[in-house]
Amino acid sequence: MENMKEYIEEAEKALLHTYNRYQVVLDKGDGVYLYDIEGKKYLDFCAGIAVFALGYNNKKYNDALKTQIDKLLHTSNYYYNVPAIEAAKKMKKVSGMDRIFFTNSGAEAIEGAIKAARKYAYLKDGSTDHEIIAMEHSFHGRTMGALSVTGNPKYREAFQPMIGNIRFAQMNDFESVLANVTDKTCAILFETVQGEGGIYPATCEFMEKVKALCEERDILLILDEIQCGMGRTGTMFAWQKYGIKPDIMTTAKALGCGVPVGAFMMTEKVGQNSLTSGDHGTTYGGNPFAAAAINAVIDLFEENHVLDNVNEVAPYLEKKLDELAAKHDCIVTRRGAGLMQGLVFNKPVGEIISKALENGLILINAGTDIIRFVPPLVITKENVDEMITILEKCIA
Ligand SMILES: *Cc1c(COP(=O)(O)O)cnc(C)c1O
């Protein structure tokens with residue numbers, strides 16, 4: 001099979017139809033560009049949904065993975081392995097958190113965070129009816145626990161019942177959080193910057209008030225940094241700009257830059273008073289291959305000054321998107337943080353995104369009316385110009 005249409009037909013016969021896929025078969029990547037199997041080139045402002053931060057085909061990253069493949073791919077978590085020990089040390093350093101558990105995905109990191117919070121509360125009072133407050137319009141993943149805290153009824157409906165004792169408050173509305181707090185509340189969970197739900201950064205006021213409430217009532221603050229973390233907003237983790245610290249945080253997506261890996265991390269206080277031997281496990285999580293990816297990613301972030309690039313290019317992207325919004329009546333506003341931006345339209349954006357694809361630009365939506373910009377963190381201002389030129393053509 002050579003042509004895309006044939007492959008797509010084959011795919012639709014074999015794959016479970018859980019995605020309405022764009023009509024393209026991607027083949028290879030280089031830097032911030034992707035190529036389909038017919039050789040067409042695309043500028044990628046999606047990065048596999050905020051995953052490929054380093055850009056594609058990074059030689060040092062690829063070599064690190066190849067070296068680890070030839071050495072050792074997997075051992076059980078019943079044994080130690082050097083890449084995982086190094087990755088844990090590095091993660092502690094860049095996050096300021098104390099204890100880490102490696103997972104295979106974002107959803108699993110959320111599952112672990114929920115379990116750690118419930119166990120922490122259980123050890124305090126022995127009761128088993130603790131509550132978690134999550135946010136409307138949040139997204140935390142598709143497994144049953146993660147789905148239970150995802151504030152999108154459409155995703156949950158058919159899969160009821162969810163895990164119990166979840167309450168939903170409004171992001172950036174402290175009063176709505178306060179109204180949901182009870183003696184049973186064990187955790188408050190939200191994304192530092194809501195991704196899928198529409199690119200809403202937490203306000204400083206909201207973050208500070210929730211943190212103060214958590215400290216006062218010994219409620220754990222869980223921040224989901226699966227999408228907004230790993231440098232995307234200009235600090236290694238988005239919460240680091242707020243002058244607070246979560247009790248538990250999750251990461252995934254760009255953590256392995258393509259190798260499926262995630263993690264939940266916690267403070268020493270939670271680490272010493274929650275999950276213990278026998279409470280949680282994973283076959284693959286933090287295996288030598290996944291850990292080698294994390295080590296390469298963190299090293300390359302430093303070596304290539306990735307955060308500096310985000311802080312240099314993001315204001316330019318914001319400016320260009322603001323100019324576009326001012327010029328076109330169909331664009332309502334822009335919002336976001338760093339290289340995680342959303343352009344809000346007054347209509348569904350599906351058609352614009354399809355047109356962009358035809359014109360060699362990969363974009364992704366967030367909800368129906370928002371175009372989400374989560375490019376590789378190594379993009380340049382020239383790439384931004386290139387993107388704007390194509391996008392403007394597709395809007396007109
Ligand atoms: C993608 C995402 C998840 C789920 O991660 P998976 O690896 O797809 O399970 C959870 N939370 C946020 C904020 C995400 O963006």
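Along the sequence shown, residues are numbered consecutively beginning with 1. Read the numbers this way: they start at 1 and go in the same order the structure lists the ligands and their atoms.
- The nearest heavy-atom contact from the protein to atom 5 (O) of ligand 1 is Gly106 CA, 3.3 Å.
- An N or O contact shorter than 3.5 Å links Phe139 to ligand 1 by distance.
- By the 30° and 60° cut-offs, the orientation of the rings of Trp239 relative to Phe237 is parallel.
- When the heavy atoms of Glu225, Lys253, Glu108 are ranked by distance to atom 1 (C) of ligand 1, first place goes to Lys253.
- A cation-pi arrangement is present between Lys41 and Tyr33, with the terminal nitrogen or guanidinium carbon under 6.0 Å from the aromatic centre and inside a 45° cone about the axis.
- Using a 4.0 Å heavy-atom cutoff, Glu191 is listed among the residues neighbouring ligand 1.
- Residue Glu196 does not touch ligand 1, judged by heavy-atom distances below 4.0 Å.
- Side-chain contact check for Lys184 and His130: no donor-acceptor pair (N or O, by modelled atom type) lies under 3.5 Å.
- With Gln341 as the partner, the side chain to side chain contact (heavy atoms under 4.5 Å, CB included) test is satisfied by one option alone out of Ile370, Val374, Leu317: Leu317.
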Audit row: Phe264, His280, ring pair (Phe, Tyr, Trp, His ring centres under 6.0 Å) steps and yes/no: CA-CA 12 Å; Phe264 61 100; His280 201 53; 5.8 Å; yes

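- Residue Ile226 has no nitrogen or oxygen atom sitting less than 3.5 Å from a nitrogen or oxygen atom of ligand 1, judged on distance alone.
- Counting heavy atoms closer than 4.0 Å to ligand 1, residue Ala252 contributes nothing at all.
- Considering both main-chain and side-chain atoms, Ala107 comes within under 3.5 Å of ligand 1 through a nitrogen or oxygen pair.
- In this structure, Phe373 and Phe45 have perpendicular ring planes: the angle between them is above 60°, well past the 30° mark.
- A heavy-atom separation below 4.0 Å is found between Asp224 and ligand 1.
- One finds a salt bridge joining Asp279 and Lys119 here, because a Lys/Arg side-chain nitrogen approaches an Asp/Glu carboxylate oxygen to under 4.0 Å.
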